[in-house]
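Have a look at the structure below, then the notes.
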Number of protein chains: 2
Amino acid sequence: MSERRPGEIPEATVARLAVYLRVLTGLVDASTVIVSSEELAAIAGVNSAKLRKDLSYLGSIGTRGVGYDVTLLREKIASSLGLTQRRTCVLVGVGNLGHALAGYPGFSSRGFTFVGYFDVDPGRVGDPIADSKISDISELESVVEANGVSIGVIATPAEAAQTVCDRLVDAGVTSILNFAPSVLAVPDNVDVRKVDLAAELQILSFHEHRKSRGPGDGLVESVG
Amino acid sequence: MSERRPGEIPEATVARLAVYLRVLTGLVDASTVIVSSEELAAIAGVNSAKLRKDLSYLGSIGTRGVGYDVTLLREKIASSLGLTQRRTCVLVGVGNLGHALAGYPGFSSRGFTFVGYFDVDPGRVGDPIADSKISDISELESVVEANGVSIGVIATPAEAAQTVCDRLVDAGVTSILNFAPSVLAVPDNVDVRKVDLAAELQILSFHEHRKSRGPGDGLVESVG
DNA sequence: AACCGCTTGTGAACGTAAGAACAAAGTCGA
DNA sequence: TCGACTTTGTTCTTACGTTCACAAGCGGTT
């Protein structure tokens with residue numbers, strides 16, 4: 001039992017592959033040719049055994065006694081993540097955060113092309129954004145369908161997120177990155193990842209709280 | 001074995017508590033008084049057994065046969081996350097993303113007070129930002145120490161992140177939220193959470209790739 | 001060609017998390 | 001006051017993820 005089909009990569013591993021990819025790109029830029037799992041793991045901030053196991057899901061890439069060919073490994077990871085083809089995306093909700101995302105250099109440099117930026121606010125429509133212009137939300141479906149967009153990024157207020165999500169899914173989008181603080185309901189074939197900024201701070205707050213109580217005593221506070 | 005000390009809440013649970021908290025705040029606004037684990041789980045998008053187990057770490061809060069008192073539960077979660085006291089934060093790196101974060105309403109409304117916004121660029125210093133002004137990075141330490149800042153948010157380019165991180169830690173910050181695409185090295189007593197925007201898209205890309213190959217065949221691509 | 005040292009790839013042990021199922025404990029109605 | 005009904009809190013099972021430890025395999029050296 002628990003035989004993993006070839007090509008089946010665990011979720012936790014996928015998330016780390018993206019990190020390894022970034023680190024490897026840095027190594028390529030530094031003209032590094034070979035890297036050992038120990039070195040790579042140290043840079044990526046993980047255990048070297050974990051790194052080797054992660055990479056083993058992609059096949060036998062390294063050379064025993066030597067290490068990994070940096071360029072080859074980077075290509076293997078990129079191909080596993082499906083980054084050999086550019087992917088088209090749309091962004092919905094162009095407030096502060098939406099603007100920041102549109103200007104984020106990491107997206108286009110990593111193979112993601114934004115083919116549309118949408119907002120409901122007529123006052124914003126037509127405004128320039130990242131060498132393009134903000135479009136009215138009514139054009140969402142036609143742009144998605146015309147460009148075969150597979151990824152939608154939602155940066156609207158929480159109230160609008162589910163409606164936008166439904167429209168994206170109906171238009172054919174099968175992956176969604178959600179920055180709105182709300183839980184999205186989607187069909188099974190659609191993947192959602194959420195980035196919850198306030199939640200991140202709250203999680204840190206929890207750890208601060210725990211530290212300030214001192215580790216080891218759990219029942220300090222009187223609830224009365 | 002594996003007895004968990006009272007007050008020891010699993011990481012996975014902590015992350016979800018923040019979600020429950022947000023949902024509960026919505027219910028309070030809607031004047032809901034009582035909610036069952038089934039209802040709450042549905043809204044939060046989780047399994048109801050998981051939700052009950054999560055809440056059980058906070059003690060026995062619900063009433064069998066009835067459900068949970070919405071207000072009480074919200075207070076319990078807030079207190080567990082250490083949100084009963086306001087926490088002071090600083091933001092370093094005021095580019096596009098930094099501005100968006102500074103303007104994000106979810107932070108101050110949830111008990112986080114930003115007492116400083118810093119940047120290295122002299123051209124930006126003094127610019128207004130979120131009813132405050134951008135300060136020069138040289139003032140970082142004094143502001144952190146004067147305000148007992150516990151949380152630092154890094155929104156600088158990748159190259160600057162580790163240096164900024166070191167300075168924050170030296171000044172006494174014990175929790176860091178990192179938006180820069182880089183791995184931060186910190187002492188054991190410091191918590192780091194990272195938000196890697198490009199990685200999020202890459203993870204979605206992986207799932208798109210997997211879907212397009214069709215589920216079930218793992219060895220389609222010829223490697224030669 | 002045979003050996004030695006190094007690093008990978010992996011099997012097995014451990015720990016954490018998720019989900020099903022049920023006993024405990026409360027409310028409400030008669 | 002008693003019993004039926006509802007929903008929590010928890011136990012147990014299964015799955016997933018991490019880490020250790022080492023055999024397998026490769027390059028360099030003699």
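Order of the sequence lines sets the chain letters (A, B, ...), proteins ahead of strands, with each chain counted from 1.
Each of R193(B), K194(B), R110(B) was scored for a salt bridge (Lys or Arg N to Asp or Glu O under 4.0 Å) with E200(A), with one residue passing: R193(B).
As a whole-Å value, the separation of D69(A) CG from dT8(C) C1' is 15 Å. Counting to the nearest Å, the C1' atom of dC6(C) and the CD1 atom of I34(A) are 14 Å from each other. E8(B) has its CD atom 16 Å from the C1' atom of dA17(C), to the nearest Å. The separation between K76(B) atom NZ and dG9(D) atom P is 11 Å, rounded to whole Å. Counting to the nearest Å, the P atom of dT10(D) and the OH atom of Y57(B) are 10 Å from each other. Between the P atom of dA17(C) and the CG atom of L51(B) lies a distance of 16 Å, rounded to the nearest Å. Atom CZ of R64(A) is separated from atom P of dC4(C) by 20 Å (rounded to the nearest Å). The distance between atom CG of L73(A) and atom P of dT7(C), rounded to the nearest whole Å, is 16 Å.
Relative to the axis of its first five pairs, the axis of the last five pairs of the helix from dA1(C)-dT30(D) to dA30(C)-dT1(D) sits at 0°, rounded to 10 degrees.
Taking every heavy atom of both residues into account, G62(B) and Y68(B) meet most closely at CA-CD2, 3.4 Å.
Residue L55(B) is out of contact with every strand shown, counting any heavy-atom pair closer than 4.0 Å.
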- Full working for side-chain hydrogen bond (donor to acceptor under 3.5 Å, both in side chains) between D191(B) and S175(B): CA-CA 5 Å; D191(B) 287 288; S175(B) 288; 4.5 Å; no

Anything under 3.5 Å between a protein N or O and an N or O of nucleotides 19-22 of chain C, put it in a table, one pair a line.
{"from": "dG19(C)", "atom 1": "OP2", "to": "K50(B)", "atom 2": "NZ", "distance (Å)": "3.4"}
{"from": "dG19(C)", "atom 1": "O6", "to": "K53(B)", "atom 2": "NZ", "distance (Å)": "2.4"}

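Nearest to the side-chain atoms of T63(B) among the listed nucleotides dT10(D), dT18(D), dT27(C) stands dT27(C). The nucleotide whose nearest atom lies closest to any side-chain atom of E11(A) is, among dG26(C), dG17(D), dA18(C), dG17(D).
Every residue meeting the ring pair (Phe, Tyr, Trp, His ring centres under 6.0 Å) condition with F107(B), not counting sequence neighbours, appears here in chain and number order: Y104(B), F114(B).
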